[in-house]
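One structure below.
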Amino acid sequence: MILTFVAWGGITPKRAAAADTPPYNIVLVTPDQLRADYMQVYGYPLPDTPNLNELARQGTVFTRAYASGSYTTPSFGAILTGMFPTVHGMTLPPFQTCGPGITRPLAEGGHPPIPDDLVLSSHKPILPDLLKPRGMLTAADNSNCWSVWDVLQRRWDEFKFFPGSQMPLEGRPNRAGPLYLTAPKTVAWAQQFLTANRDRRFLLWVHFIEPHSPYNAPREYDHFRTADDYPDLYDDNAPDIRKLHNRAALGDVHAIRRLEQLYSSKILYVDHYVGELMKSIADLGLDKNTVVILTSDHGELLYSHPQDFNMADHRSLYDADLHIPLIFRGPGIPEGKRTDALASHYDLVPTILDLEGIPAPAGIDGSSLKPVLSGEASSVHPYLYGEESILTPQYSVRDTRYKLIETMRTGKIQCFDNQTDPGELVDICTQIPEKAAELKRALDSHIRAMIQEAKSYEDWEKNQGLAVLEQRDSASLAALAPRDLTIAPADSAHFQLTGRLWKMVEGLADPAASDIWTPPDPANALAIWRSDTPLTGDYDISISYDGGSEPGEKLAADANFTVRFKGGTLSVPVDESRGQGTWMALGRFHDPVSVELTNRASGPVVAGRVRFVHVE
């Protein structure tokens, strides 16, 4: 029997303890990778958020809140600084991608050995820096290294890190890799903190790794499966993961639906633990002087954009990635209110300070949402901005109806009507030329202002986001660039397909070698391999594949690979009828960006693995 809804009481305001002390505690709750339109509280048809429904009933829901960045690090940088990601600068994957050398010291309560050039500038304060001088205790209870590694040098008063692989599930003989189920430990530590500090003023940040992929909630939470959508496949063991994601990448709607069901199950799982946390706040009487803020760092694509970002991850500026929940509950917060005012991560710091009666310092990019909460204003933003530095650098701007995305390397512009096309599937730039021009002017002005603001800091040269935007080399980018990177089709975040002609190579023993092939066709199906972090310097690039096409068919002798690099592009013909199972060199390239393969060839082509090796 699953406890899905936890009863907890209503809210009544309580007078502040002292004139110089902030009047309220702040509890910031951030389930990871929580897409708003997959939550019942935001209109999703499945009952996956019973406790968040209650939180919303007791508070105010922002229906149009959007992430400032498409993944964890830039988003939490904005949440903690109130700055745009390019201004705070932490826009790339963390040092050593938060491998064991980083996570082990965090889990043991130590300080990870991160080079000074790769941490958040000491000239940019984060929320604890602004609240601790007011006598507030600051604590972070976290389970995702990508959300904290760049701010830990500020020394929260209390900090606890639970790595996502720390709590494996019982009864799963075929599990592989991290299982990311730490919600019980996360809530237990938060409950201990609340009990011990119930008489203090505090900021408590509770970050759940759930419902982040893999979608591996305990089987008893699998309430939403249907008979037609692979009900016996799960996202918690290597064979099933390969089947589900490979089929989804090739356009199998049943596999996509199964992943959606499993995602909803994991949302239901974390919703239960959010309910446990809210119950503890109520039981301790803290609900009377505590403002709870629930949001997320980003959403999840779930194969919703097969033409350019065909993946189950979050590396785009589509609303599948950017639309996030934002709920406020607490003293003075209207109950049962819903507002369509635009809001983003960078608004949280000025809002919290405003609620506490603390003036916001210079350098804050966001706006306080308190006027919207109080009813004094219906909005605080004419435009809202988003950005992405990884994979394919992009910037976006939106108003209350329309949105524009610009891809920086190519200059490609896309426009969407979020009122009639919430899935953002139809580019309408040519249909709304005046609006497109207005949004482009607003975005250009925003980018110029960000560059100026970012360069106003004396250590601006270590700003990663600025270096990516200006497409220049920097010591920070060089330090983060991978030295030996292999991308396989099984890596759905960095390998993508377009077109519907691709097929799986069956019968391969190694799941990582899940090669994909396509027959020749003028429709120009495309496979692309890309790195999150810019590849800085010279790289030797090679390809390898283990499979073939249909039995009896000979692979193309003129498979057309294209390498894109900082200085241009180079097409490299490869005879795929030879050399299967070996590495074949494409050449040495300076600052490579991507490798692409089309099916414009004389025979079938295979997309296997691509390796980038840095030349020291």
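Predicted model, so just to flag it, every value in this text is computed and none were measured.
By the 6.0 Å and 45° rule, Arg258 stacks over the aromatic ring of Tyr234. Arg35 forms no cation-pi arrangement with Tyr263, by the criterion of a distance under 6.0 Å to the ring centre and an angle within 45° of the ring axis.
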Donor-acceptor pairs under 3.5 angstrom involving side-chain atoms of residues 186-193: please list them, not counting sequence neighbours.
residue: Thr186; atom: OG1; partner: Thr182; partner atom: O; Å: 3.0
residue: Gln191; atom: NE2; partner: Ser280; partner atom: OG; Å: 2.8

Side chains of residues 77-84: which donor-acceptor pairs under 3.5 Å do they make with residues two or more places apart or in other chains?
residue: Thr81; atom: OG1; partner: Gly77; partner atom: O; Å: 2.7
residue: Thr81; atom: OG1; partner: Met83; partner atom: N; Å: 3.0

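Under the ring pair (Phe, Tyr, Trp, His ring centres under 6.0 Å) criterion, His207 pairs with Phe76, not counting sequence neighbours. Applying the ring pair (Phe, Tyr, Trp, His ring centres under 6.0 Å) criterion to His298, with sequence neighbours excluded, gives His314. Looking at residues two or more places apart in sequence or on another chain, you find a side-chain hydrogen bond (donor to acceptor under 3.5 Å, both in side chains) between Glu424 and Lys403, Asn418. With sequence neighbours left out, the side-chain hydrogen bond (donor to acceptor under 3.5 Å, both in side chains) criterion links Arg401 to Asp417. With sequence neighbours excluded, the residues forming a side chain to side chain contact (heavy atoms under 4.5 Å, CB included) with Leu284 are Leu194, Thr195, Arg198, Leu286, listed by chain and number. For the side-chain hydrogen bond (donor to acceptor under 3.5 Å, both in side chains) test, no residue two or more places apart in sequence or in another chain qualifies with Arg247. In terms of the ring pair (Phe, Tyr, Trp, His ring centres under 6.0 Å) criterion, Tyr303 has no residue partners (sequence neighbours excluded). Listed by chain and residue number, nothing satisfies the ring pair (Phe, Tyr, Trp, His ring centres under 6.0 Å) test with Tyr402 (two or more places apart in sequence, or in another chain). With sequence neighbours left out, Thr91 forms a side-chain hydrogen bond (donor to acceptor under 3.5 Å, both in side chains) with Ser389.
Comment: Lys435 engages Glu438 in a salt bridge, judged by a side-chain N to carboxylate O separation of less than 4.0 angstrom.
Residues Phe328 and Lys370 form no side-chain contact, since every pair of their non-hydrogen atoms from C-beta on lies 4.5 Å or further apart. When side chains are defined from C-beta on, Tyr383 does not count as touching His446, because their heavy atoms never get closer than 4.5 Å. At least one side-chain heavy atom of Asp252 sits less than 4.5 Å from a side-chain heavy atom of Tyr230. Between Glu300 and Leu259 the shortest side-chain heavy-atom distance does not fall below 4.5 Å.
Within the 3.5 Å criterion, the main-chain N or O of Pro31 finds no donor-acceptor partner in the side chain of Glu210. Put simply, the side chain of Ser147 never gets that close to the backbone of Thr72: no donor and acceptor are under 3.5 Å apart. Side chain of Asp321 to backbone of Ser316: a donor-acceptor contact under 3.5 angstrom is found. The closest donor-acceptor contact from the side chain of His88 to the backbone of Pro74 lies under 3.5 Å. Without hydrogens or angle criteria, Ser68 side chain to His345 main chain gives no donor-acceptor distance under 3.5 Å. With hydrogens and angles disregarded, no donor-acceptor distance shorter than 3.5 Å links the side chain of Arg329 to the backbone of Leu55.
Listed by first and then second residue, the salt bridge (Lys or Arg N to Asp or Glu O under 4.0 Å) pairs involving residues 338-355 amount to none (not counting sequence neighbours).
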| said: Run the side-chain contact (heavy atoms from CB on, under 4.5 Å) test on Thr226 and Arg257 for me, step by step, so that the C-alpha distance in whole Å, both residues' side-chain angles and the decisive distance to 0.1 Å come before the verdict. | reply: CA-CA 9 Å; Thr226 57; Arg257 287 175 189 160; 6.0 Å; no

| task | Before giving the answer on side chain to side chain donor-acceptor pair (under 3.5 Å), spell out for Glu260 and Tyr44 the whole-Å C-alpha distance, their side-chain angles and the decisive distance to 0.1 Å. | result | CA-CA 12 Å; Glu260 291 173 339; Tyr44 191 56; 5.4 Å; no

| query | Step by step, would you call Tyr38 with Leu46 a side-chain contact (heavy atoms from CB on, under 4.5 Å)? | reply | CA-CA 8 Å; Tyr38 272 71; Leu46 298 180; over 6 Å; no

| task | Step by step, work out the side-chain contact (heavy atoms from CB on, under 4.5 Å) result for Thr138 and Phe159. | result | CA-CA 9 Å; Thr138 63; Phe159 176 81; over 6 Å; no

| task | Output, in order, the C-alpha distance, side-chain angles, deciding distance and verdict of side-chain contact (heavy atoms from CB on, under 4.5 Å) for His245 and Asp235. | result | CA-CA 9 Å; His245 287 276; Asp235 202 30; 3.1 Å; yes

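Tested against Tyr346, the residues Val87, Leu384, Ile364 include a single side chain to side chain contact (heavy atoms under 4.5 Å, CB included) partner, Leu384. Arg225 pairs with exactly one of Asp229, Asp222, Asp228 by the salt bridge (charged side-chain N to carboxylate O under 4.0 Å, His left out) rule, that one being Asp222.
Remark: Leu425 CG to Ser304 OG distance equals 7.5 Å, nearest 0.5 Å.
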